[in-house]
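Reminder, nothing fancy here: chain letters follow the sequence lines and each chain counts from 1.
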There are 2 protein chains.
Amino acid sequence: MNESQLRKGVLDLAVLSILARGESYGYELTQDLMAAGFDQLGDATIYGTLRRMEQAGWVTSRLVPSSDGPARKYHSLTRAGRASLSDGMERWTELVASLAALMEERR
Amino acid sequence: MNESQLRKGVLDLAVLSILARGESYGYELTQDLMAAGFDQLGDATIYGTLRRMEQAGWVTSRLVPSSDGPARKYHSLTRAGRASLSDGMERWTELVASLAALMEERR
DNA sequence: CACAGGTACCTTTCATAGCACGGTACCACC
DNA sequence: GGTGGTACCGTGCTATGAAAGGTACCTGTG
C-alpha cells in the first residue's frame, strides 16, 4: 500500500476544492497541493487530471500569456464541476466515517 | 470520479483493520465490508487484495474444511501486516486532515 | 553571447487496483 | 434433481498516478 494508491481518486477532490476558491493553473495547483501535504506529486499527474476534468466538463480553461514567463492555462469550475465536488465531498465524508469505525474497533 | 477510484488504497486499510480484530476469510470480509458501508464491492476485489497481502507478507492463511459448506481460507495478520496497518493509519489520518483543510477553505 | 535555473505546459509509457464475468465446488432443503 | 446459499479462483478490462522525456519562455550571471 504505497502512498500513491491512497491518493487515487482523492486527488480529484483536492483539485476541485482548490478550484472552488477561484481559477488556477497547473503549475500553481501542483505547488499548492504539495504545500497542502500531497508530497511527491508529479506535475504530469496534475496535467492529466486537469485534462480529464476538462473532457468531463467539470472545468473550462483559457490560455493567458504572461510577460514574465510562459503562458498559463487557467482553469475554472463549471456548474457540473461544482456539483461533482459536492457529490464527491459527501461520499468522501461517508468513506472517512466508515473507515474510522473500522479502525476504532481494532485491538 | 467514480466510487471505485475513491476506494483505491483505502480498501487495504479496511481489510487490515478488520483482520486486526482476529482472523477472517474472504467471504466474511466481503460481507463485513459491505455492512460497514463499502457498497457494490465485488468479491473478486477482496480475493485479489488478500492474495496481494499474502505475497507482501502481511497475512498468512490456512485452509479450514467445513462440515456445512466449502472450506474457508482464514487469514491472520503477521507482524509486518500490523506494522503496515499502523503506518497506513498514520498516513490516512494525514491525508484526511490535508483534504479537510482544502475543503474547508472552499467558497 | 552562452547558459543555468525557474516557470509552465505537454506526450508517451508503465504498473496497479478495483471490478465484471465466468467458472468450480460443497452443502441443505424441498 | 434442482435451487439457493456459501466459498473460492482466474482472466481481461479500464482508469489513474507517476516516471521519463520534451518544448518553450523569461531572468539573471559570467
Side-chain angles (χ1 to χ4, degrees), chain A residues 1-16 23-35 37-56 58-59 61-75 84 88 91 95, chain B residues 1-16 23-35 37-56 58-59 61-75 84 88 91 95:
Chain A
M1 179 179 47
N2 48 20
E3 188 81 23
S4 72
Q5 286 305 328
L6 257 189
R7 253 198 299 268
K8 284 218 175 190
V10 178
L11 199 60
D12 278 15
L13 226 40
V15 169
L16 290 177
E23 63 177 4
S24 183
Y25 54 97
Y27 190 82
E28 193 181 46
L29 276 165
T30 308
Q31 308 282 79
D32 285 0
L33 285 168
M34 289 198 291
F38 288 77
D39 300 353
Q40 280 118 20
L41 185 64
D43 65 324
T45 301
I46 297 301
Y47 291 117
T49 298
L50 288 173
R51 201 171 118 272
R52 279 197 327 270
M53 285 185 175
E54 192 161 9
Q55 281 176 338
W58 296 352
V59 303
S61 66
R62 60 192 182 95
L63 205 59
V64 179
S66 169
S67 59
D68 51 64
R72 296 168 176 172
K73 200 170 179 181
Y74 281 92
H75 296 262
S84 181
R91 288 186 309 187
L95 187 64
Chain B
M1 179 179 44
N2 48 19
E3 187 82 24
S4 71
Q5 285 305 326
L6 254 190
R7 256 200 292 270
K8 285 219 173 188
V10 178
L11 199 59
D12 279 14
L13 226 39
V15 169
L16 289 177
E23 63 177 4
S24 183
Y25 53 97
Y27 190 82
E28 193 182 46
L29 276 164
T30 308
Q31 308 283 79
D32 284 1
L33 285 168
M34 289 197 291
F38 288 77
D39 301 354
Q40 280 116 23
L41 186 63
D43 66 323
T45 301
I46 298 300
Y47 291 117
T49 299
L50 289 172
R51 201 173 112 275
R52 271 185 289 112
M53 285 185 176
E54 193 160 10
Q55 281 176 338
W58 297 352
V59 303
S61 67
R62 61 193 182 95
L63 205 58
V64 179
S66 170
S67 59
D68 51 65
R72 297 168 175 172
K73 200 171 180 181
Y74 281 91
H75 296 262
S84 181
R91 290 186 308 188
L95 187 63

The residue, A/A71 or A/A44, whose nearest nucleotide of DNA chain C is more 5′ is A/A71
A/D32 CG to C/dA8 P, in whole Å, measures 12 Å
**Request:** Give a yes/no on whether any side-chain N or O of A/R7 is located under 4.0 angstrom from OP1 or OP2 of D/dG17.
**Result:** no
A/L29 CG to C/dC10 P, in whole Å, measures 12 Å
Quick note, B/K73 side chain, CB onward, closest among C/dC21, C/dT11, D/dC8 is D/dC8
Check: Quick one: is C/dT7 close enough that its OP1 or OP2 comes under 4.0 Å of any side-chain N or O from A/S66?
Finding: no
Quick check against the 3.5 Å criterion: does A/T49 have a side-chain atom that pairs as donor or acceptor with the backbone of A/T45? yes
Query raised in the report: Are more than 12 heavy atoms from other residues, nucleotides or ligands located less than 6.0 Å from atom CD of A/Q55?
Result: yes
From CG of B/L6 across to P of C/dC19 the rounded distance in Å is 11 Å
Taking for B/D43 and for A/L41 the nucleotide of DNA chain D with the nearest heavy atom, the one nearer the 5' end belongs to B/D43
By nearest-heavy-atom nucleotide on DNA chain D, the more 5' of B/G26 and A/D39 is B/G26
Testing C/dA8, D/dC8, D/dT6 for proximity to the side chain of A/Y25, the answer is C/dA8
Looking only at C/dC9, C/dT11, D/dG17, the nucleotide nearest the A/R52 side chain is D/dG17
*Using a cut-off of less than 4.0 Å, is there contact between a side-chain N or O of B/R72 and OP1 or OP2 of D/dT6?*
no
Considering only heavy side-chain atoms of A/Y47, the closest of C/dC19, C/dT11, C/dC9 is C/dC9
Hits for ring-ring contact (aromatic ring centres under 6.0 Å, His included) against A/F38, two or more places apart or cross-chain, chain-then-number order -> none
By side chain to side chain contact (heavy atoms under 4.5 Å, CB included), B/Y25 pairs with (sequence neighbours left out) B/Y27, B/E28, B/R72, B/Y74
Determine whether any donor atom in the side chain of B/D68 lies under 3.5 Å from an acceptor atom in the base of C/dC26, or the reverse, and answer yes or no.
no
For B/K8, report the nucleic acid contact type (base, sugar-phosphate, nothing); a contact means any heavy atom under 4.0 Å. base
Whole-Å distance, B/L50 CG to D/dG10 C1', equals 15 Å
Separation of C/dC19 atom P from B/I46 atom CD1, nearest Å, is 9 Å
Rounded to whole Å, OH of B/Y27 lies from C1' of D/dG5 at a distance of 6 Å
A/L33 atom CG is separated from D/dT16 atom C1', nearest whole Å, by 16 Å
Interatomic distance, NE2@A/H75 vs NZ@A/K73, rounded to 0.5 Å, equals 5.5 Å
In whole angstroms, the gap separating C1' of C/dC9 from CZ of A/R62 amounts to 17 Å
